[in-house]
Every structure is written in C-alpha cells, then in structure tokens.
Amino acid sequence: MMRAFFALLGRDLKLAMRRRFDLLQPLYFALLVCLLTTLAIGPEPALLGRLAAAVTWIAVLLALLLALDGLFRPDAEDGSLELMLTAPAPLPVLVFAKVLAFWLVVMLPLIVCAPLFASMLHLPGTQWLPLLLTLLLATPCLAWLGAICAALTVQARRGGALLALLLLPLTVPVLIAAIGTVDAALQGLPMRSPLLLLGAGAIAACSIGPFACAVALRLGLR
Amino acid sequence: MKLPLWFHRLGSPPTFYRFAGRLMPWLYVLAAGLTLWGLYGGLVLAPPDYQQSDAFRIIYVHVPAAWMSMAGYGLMAVCAFIALVWRMKLAETMVLTAAPIGAAFTLMTLVTGSIWGRPMWGTWWDWDPRLTSELVLFFLYLGVIALAQAFEDRRAGARAACFLALVGIVNVPIVHFAVKWWNSLHQGSTIRVFSESTIHSSMKWPLLVLAIAAYLYFIASWMARTRVALLEQHAGTDWVQALTQGDRHG
Amino acid sequence: MAEWFAMGGYGGYVWGAYLASFIVLAWDIVAPWRKRRELRRRRPARPSRRSEHTPT
C-alpha cells in the first residue's frame, strides 16, 4: 500500500519536473491577477495595502482553479485513471498521493510566492506572517475541495467553467476565515481562534477528503 | 439498514407516477388555499409595522421563500443520500427535479430581499449576511443543475449531481456561520430589518401559514416535475405507451 | 381600497415584490407543463426507443 502511494507520488512529481514551464503557470497567472488589479485600482499605496491580502487570496484561488483541470484529466485521457480505479491498492490512498503531489507542485510555489506578490501590493509588514500562515493552513482544505470537484467533472463534457461554478461557492468559508485572520492581525486582535478553525478544517479535509474524492471518481467513471 | 417494502414499491416509476398523479391536485389546491388565507392575513388583517409601515409586508413572500429555499436543499440532499446509498433510480431523478424548484425559491428570496432593501436600506443590494449566504445557496443549486447537464451519460450526471448535493449540504451551515462572522468583522454596514422578538402574533400567523403553503407547493411542483422526467426517461416502455394510448382515447 | 393598494406609500415595492415572486412561480408551474406537452407531441411520430439524437 505504501509502495503504491510512493510510486504514484514519485510518478506525478517526475511528470511535473519534465514539464518545468508548466510549473510556472499558476505563479505567473497569480502575478497577472495582481497586476491587473493594481492597474484597475490605481497605484496609491495606502489603498493597495488595504486590499493586498484580499487580492492575493483571490489570485491564489484563481490560480488553483486554473491548475485543477490538470489534476485528473490527463490521467483520464491516457487511461491511467482507470488503472488506478482497478488497482489492488485502496483508491483513497492513491488519491491522497495525487493530491499531495498536486499540493507540492502547484500550491507550495504559490504559498512561497504569494507574500512576495502581496508585498508588491504594499501589504503592511504586520500582515506578512498571518498571510503566510493562513495560506499554509487553508490550502490543504482548498486542495481537497478542488480535488472532489475535479473528480466529479473529470468525465463531464466541459471542464473549466463548470469547475469554477462548483468549486468557488464551496470555498467561501475558507476565504472568509483566511481574510478574517489577516484582518484581525491588522487590527491587533488575537488571530488564534480563526487560525485554529482553519487548522481544524485542514485536518478534517485531509481525513474525509480522500474517501469523498474516491467516491466522486468512481461515480464519474462508468 | 434496510428500507421497508412499500418504499421500494414507491420507487418503481409507474407506481410513483400514479401515486403522485393522485396526490398532486390535492397538494396544489391545499397550497393555493393556504396561500390565499395567509396573504389575506398578511396583506389585509395584519397591522402596519410601527417602524416600516406597510413595507414590512414583503416579509410574507420573502421569509417563506427563504425558509423553503433552505428546506428544499435539505430535501434534495436527503434524496441524494438515498440515491447514493440504496442506489434508487427514482431518488436520483428527484434530486435533479428538486434543484430547479429550489433555485426558483432562492431567486424569489434574492429578488424580494433586494426590493425590500430599497426602502429600508436605501439601496437595492446590501451585503447583509442572510442575503449573502442566500446568494451562495443560489450558486450551490446552479452547480447541481449544471453538473447534471454536463454529462453525455444521463445517469453518470445524475449521480455526480447527487454527490455534489451532499457536499453542498455540509457546506450550507458552514457558509451561514462564516458569513455571519464575516459580517461581524465589518461592523456598521447593516441595519437589522426585523428582530424576531418584535413580531406581533397577528403578524406572525400568516407567516407560518404561508410557510406551510410554500412547503406543500414545493412538494406538488416536485412531483409534477418528477412525473415529466419519468415520462421522458421511460419513453417507449410499456407503461408509458399504455398511458399515452389511454390519454388519447379518453 | 385605493389606500390599501398604496400600502402607505410603499405600494410599488410591495406589489413589485409580489409580482416578481408570482412570475418566478408561474415559470415553475409552466416549465414542466410545457415539457410534458412537447414530449407528448414528439412521441407518436417516433415510437422507437433510442432515437434521441436526430437533429430537427
């Protein structure tokens, strides 16, 4: 079981490393969102600084959405998804490996670069750490929600727009909790309880997510 | 867990078709009667509110619709659970037919809430926590409808939509509390339209009557839509053929 | 009676809200009914089971 897990994880990472330019795609997309927002709002530092955390978060969400279509669809197209479904190893374990690889390849670079983008938007220094913490704690939950939606739409005729309609309403609580934490830090309020909530969400997502995602994959593939 | 036998019998399309056909007219009549009674109580008998004068009367369509939009999602999720656990085909169909009705009630809530907001808040739209979570609910309904239609294979689409409905029902209360908390962070933007304790009983009973009417109407409309969906799915089978022949002769 | 229709100056809002709801409900009633009529019209012409994708 663990061998299957590591084999799949290694395969996905190797595939990602083969196409290095694709690794940059979520990053430059998020940066583009920041650029366009700045152009739309104007370069005034005070206003930008107040919106910086929110804009960064939206950019991360959109970048995640764009990358999600590549989570299961290539596997469905070349048939390896069907192999996974019929493999002797339990499907939730395999799904966990895939989503972990996705998190490492797509989310981790975003988490690393997001504070950088945010400081380009004049994010106040005190919000740096809270932003990073919320990104770290919220992305597992987002990745699992995204994986479930991607699994449901993998056999659908049109992917992108449908995925947005399914995923974005589900991410509302995560977004609210994350931005709330950053705002609380700005006002000097304790941010412990929203951070704990985000952590709880991450743990819940990591424990329920694999099973839900496995069920969703089996439903879509008939 | 085992389902009782009568439940399985009801799950057979012809039986359900006949059962719903017999029950539906009663539900429609009852819902219409209760609606008239409740509207009479709300629009004529109830005294004007001391703060909002007659504008508060929008409550009699806004609040029942809001309750029904949430209860409808619950009913749909129960159906989705039955469909996925016991693999009942009828339940799958009923999830898909409940979604448009629920979306209609959600739309009603949004539109009437917006119209109510104009005299009360002075703006057509305010990011009031309840309106905001209602908007999210609207998107959840739309997601179920869109997902079901995105598949070549109708049953695969239906089952995916069932699963999404279940994911959504977990999310609905979380969204509700999250939006409430979000609103408390950004104090000062909302005015409370109605605090529950200030409702006088002469204002309240029409509300309850109309809520029951909305519930009955939902079920009647649900049955009507499910009947049509069954006709479509089973076109060409013997019982549908027999039915249409009978229709043409009688 | 005219006073009742005026709704204390809020008549436009109150009746507008009721009208909007009525329109939504009317759609909800008419949509399955129309679908049913369409099905009924389609069926006699095409008795075979699997002929869904014929463009018209």
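Reminder, nothing fancy here: chain letters follow the sequence lines and each chain counts from 1. Just so it is clear, the model here is predicted, and its values are computed rather than measured.
- Only the side chain of B:L84 comes within contact range of chain A, judged by heavy atoms closer than 4.5 Å.
- Looking at every heavy atom in both residues, B:A146 comes nearest to A:L165 through CB-CD2, 3.7 Å.
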### Task
Determine, step by step, whether A:L168 and B:F139 satisfy the side-chain contact (heavy atoms from CB on, under 4.5 Å) criterion, reporting the C-alpha distance in whole Å, the side-chain angles of both residues, the deciding distance to 0.1 Å, and the verdict.
CA-CA 9 Å; A:L168 294 181; B:F139 281 119; over 6 Å; no
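- Annotation: side chain of B:F151 is in contact with side chain of A:Q155 (closest heavy-atom distance under 4.5 Å).
- Of the atoms belonging to B:V172, not a single heavy atom falls under 4.5 Å from chain A.
- When heavy atoms are compared at a cutoff of 4.5 Å, A:L162 approaches chain B solely by way of its side chain, counted from C-beta outward.
- Contact count versus chain B (heavy atoms, under 4.5 Å) is highest, among A:P169, A:C149, A:A161, for A:P169.
- The 12-atom threshold is not exceeded at CE of A:M120, counting heavy atoms of other residues, nucleotides or ligands nearer than 6.0 Å.
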#### Entry: Residues A:L170, B:L140; criterion side-chain contact (heavy atoms from CB on, under 4.5 Å); working and verdict
CA-CA 8 Å; A:L170 294 177; B:L140 290 176; 3.8 Å; yes
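- By the neighbour-count criterion of 12 heavy atoms within 6.0 Å, atom CZ of A:F5 is densely surrounded, having more than that number from other residues, nucleotides or ligands.
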Donor-acceptor pairs are to be reported for all side-chain atoms of residues 44-70 of chain A against protein atoms at under 3.5 Å, with residues two or more places apart or in another chain.
from  : atom 1 : to    : atom 2 : distance (Å)
A:T56 : OG1    : A:A52 : O      : 2.6
A:D69 : OD1    : A:R73 : NE     : 3.4

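- Between the CZ atom in B:F163 and the CG atom in A:L217 there is a gap of 9.5 Å [rounded to 0.5 Å].
- Taking OG1 of B:T132 as the reference point, atom CD1 of A:I176 lies at 8.5 Å (rounded to 0.5 Å).
- By the ring-ring contact (aromatic ring centres under 6.0 Å, His included) test, B:H176 pairs with no residue at all, sequence neighbours left out.
- Considering every non-hydrogen atom in both B:Q149 and A:R157, the closest pair reads O-NH2, 2.8 Å.
- Ranked by heavy-atom pairs under 4.5 Å with chain B, the list A:A212, A:P194, A:P173 is led by A:P173.
- Looking at A:I148, only its side chain comes within 4.5 Å of chain B, counting heavy atoms on both sides.
- In this structure, CZ in B:R159 is found 12.0 Å from CZ in A:R218, a value given to the nearest 0.5 Å.
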